[in-house]
Structures are given as C-alpha cells and as structure tokens.
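Quick note: residue numbers are just sequence positions, from 1. All heavy atoms count here, side chains included; hydrogens, waters and symmetry mates do not.
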Amino acid sequence: MSFQRIVIGLAGALALTVCGAVMAQSSPSAKKAPKAGPASAAPMQLAAATPEQLEAATRVYVGRSDCEFGQHVTVTPHPDHPGYFNVTLAGKTWVVRPTVSSTGALRMEDVRGQALYLQIADKSMLMNTALGYRVADNCVHPKHREAMATHKRESIGIAAN
C-alpha cells in the first residue's frame with residue numbers, strides 16, 4: 001500500500017467517526033426527557049403518630065452515628081411529621097417510624113418497607129429489609145459512647161481477688 005492510500009483511509013475513517021457523533025447528538029433518541037426532581041414529588045402522606053410512637057421517639061438518638069468502613073448514618077426529626085424521622089446514609093434517605101420492641105431495642109421501620117434502623121444499647125445498624133442484608137453496622141452515636149463508658153465503670157458486684 002502506498003502512503004497516499006493510508007492517508008486517504010485514515011481521513012475517511014475520521015470523517016465517518018465525526019459524522020456518527022454528530023448524528024447521535026441530533027437524533028431524537030439521544031435526547032433524554034428531564035428527570036422529575038424532588039420538588040415535583042408528591043408530599044408523603046403519613047398517618048398521625050400514635051402515643052406509643054411519640055414515646056418511642058423520645059428515645060431516638062438524633063444526629064450522626066459513625067459506622068464501620070468509614071460510613072455514617074444521620075438521624076433527623078422529620079420536618080413535617082412529629083414522631084417520624086429521616087435516616088440518611090450516603091445520600092439515600094428513608095422516612096422511619098420508631099417503635100420499642102419487646103426486648104427494649106428501638107426499631108425505626110421505613111414507612112415503605114425497605115429499611116430498618118435498629119438502635120440497641122451499644123450500637124445501631126441499618127438493614128435492607130427488602131433484600132435481607134446489613135447496609136451499615138456498628139454505628140455508634142455519642143450517647144452510645146457515654147452508655148458504654150458508664151457500663152465499663154459499673155461492676156456487677158463480683159470482687160476480683
């Protein structure tokens with residue numbers, strides 16, 4: 001092959017590439033419909049909190065909890081619905097309702113049935129109930145740290161010899 005044929009072949013390939021890119025940008029299928037933003041979402045309809053739910057809400061550790069693997073979960077009161085909370089992890093937020101379990105653990109159940117934030121004496125964990133796995137574990141709030149420090153100081157009444 002001569003040098004001239006190689007140059008002509010490369011120029012043709014380049015022209016086809018440019019034409020293809022221009023056509024892809026101008027075709028109707030390449031234009032995507034704008035996504036509906038959070039402002040266009042309908043407001044969430046939640047039932048009024050029960051007295052039990054409001055009592056459980058007083059036990060929720062509000063604020064940031066540091067978890068394993070550098071993750072953190074933030075719990076904030078829902079701005080429009082007393083007795084409900086927003087649980088946020090890595091930009092994903094779930095609206096939860098707190099309930100006290102028979103064991104004393106505080107269960108914060110997602111109103112859409114996708115997640116459960118479980119708060120016990122020494123840690124919390126976020127579960128994906130739809131898929132059945134832990135999303136974040138060993139989440140420790142400053143109040144957990146206070147409780148653990150108190151438990152370390154307290155004795156169960158057995159003296160060391």
Side-chain angles (χ1 to χ4, degrees), residues 20-158 160:
V22 169
M23 289 178 66
Q25 287 179 352
S26 64
S27 71
S29 63
K31 295 178 183 175
K32 295 180 181 176
K35 291 184 180 180
S40 66
M44 184 172 290
Q45 298 297 320
L46 298 173
T50 64
E52 294 82 12
Q53 182 179 341
L54 291 171
E55 192 282 322
T58 64
R59 300 181 186 188
V60 173
Y61 292 168
V62 174
R64 178 181 165 140
S65 295
D66 296 319
C67 310
E68 292 180 318
F69 309 117
Q71 295 178 307
H72 67 272
V73 171
T74 304
V75 178
T76 55
H78 194 284
D80 301 323
H81 301 284
Y84 289 87
F85 294 85
N86 292 328
V87 173
T88 304
L89 170 72
K92 173 80 173 146
T93 300
W94 297 270
V95 177
V96 298
R97 85 173 55 82
T99 58
V100 178
S101 74
S102 61
T103 63
L106 187 63
R107 296 174 54 92
M108 290 176 259
E109 300 173 11
D110 173 28
V111 297
R112 292 194 169 110
Q114 298 174 348
L116 168 69
Y117 191 59
L118 187 65
Q119 179 184 301
I120 58 176
D122 62 341
K123 70 175 186 174
S124 295
M125 70 179 81
L126 181 62
M127 306 283 295
N128 180 322
T129 55
L131 300 176
Y133 68 89
R134 288 182 219 166
V135 178
D137 197 4
N138 201 25
C139 300
V140 181
H141 187 274
K143 289 185 180 180
H144 284 120
R145 288 186 187 89
E146 289 173 18
M148 288 187 288
T150 301
H151 293 300
K152 285 182 182 176
R153 289 191 305 262
E154 293 176 356
S155 169
I156 60 170
I158 301 173

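Considering only residues two or more places apart in sequence or on other chains, Thr129 meets the side chain to side chain contact (heavy atoms under 4.5 Å, CB included) condition with Leu116. For Gln119, there are no side-chain hydrogen bond (donor to acceptor under 3.5 Å, both in side chains) partners, not counting sequence neighbours. Every residue two or more places apart in sequence or in another chain was checked for a salt bridge (charged side-chain N to carboxylate O under 4.0 Å, His left out) with Arg97, and none qualifies. Shown here are the side chain to side chain contact (heavy atoms under 4.5 Å, CB included) partners of Phe69, two or more places apart in sequence or in another chain: there are none. With sequence neighbours left out, the side chain to side chain contact (heavy atoms under 4.5 Å, CB included) criterion links Thr76 to Thr74, Asn86. Among residues two or more places apart in sequence or in another chain, the side-chain hydrogen bond (donor to acceptor under 3.5 Å, both in side chains) test is passed with Thr103 by Ser101.
For the atom pair Glu68 CD and Arg134 CZ, the distance stands at 8.0 Å (nearest 0.5 Å). Distance CE/Met125 to OH/Tyr117: 10.0 Å, rounded to 0.5 Å. Between the CD atom in Gln71 and the CG atom in Asn138 there is a gap of 11.0 Å [rounded to 0.5 Å].
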**Asked** Is there a side-chain contact (heavy atoms from CB on, under 4.5 Å) between Ser124 and His144 once you walk through the steps?
**Response** CA-CA 9 Å; Ser124 295; His144 284 120; 3.2 Å; yes

**Asked** Under the side-chain contact (heavy atoms from CB on, under 4.5 Å) criterion, do Arg107 and Leu118 qualify, and how do the steps go?
**Response** CA-CA 5 Å; Arg107 296 174 54 92; Leu118 187 65; 3.8 Å; yes

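Sorted by first and then second residue, the disulfide bond (SG atoms under 2.5 Å apart) pairs involving residues 86-127 (not counting sequence neighbours) form an empty list. Pairs engaging residues 76-106 under the ring pair (Phe, Tyr, Trp, His ring centres under 6.0 Å) rule: His78-His81 [sequence neighbours left out]. Residue pairs meeting the disulfide bond (SG atoms under 2.5 Å apart) criterion with at least one partner in residues 68-150, sequence neighbours excluded, are Cys67-Cys139. Within the structure, salt bridge (Lys or Arg N to Asp or Glu O under 4.0 Å) contacts touching residues 112-133 (residues at least two apart or in different chains) are Lys123-Asp137. Under the disulfide bond (SG atoms under 2.5 Å apart) criterion, no residue pair touches residues 78-108, with sequence neighbours excluded. For residues 44-57, the pairs satisfying salt bridge (Lys or Arg N to Asp or Glu O under 4.0 Å) are Glu55-Arg59, with sequence neighbours left out.
Taking both residues in full, the closest heavy atoms of Leu106 and Pro98 are given as CD1-CB, 4.2 Å, listed atom of the first, atom of the second, then distance. Taking all atoms of both residues into account, the shortest heavy-atom contact from Ala130 to Asn128 is N-OD1, 3.0 Å. The two atoms that bring Pro82 and Ala49 nearest to each other are O-CB, 3.4 Å, heavy atoms only.
Under the 4.5 Å side-chain criterion, counting only non-hydrogen atoms from C-beta, Val75 is not in contact with His141.
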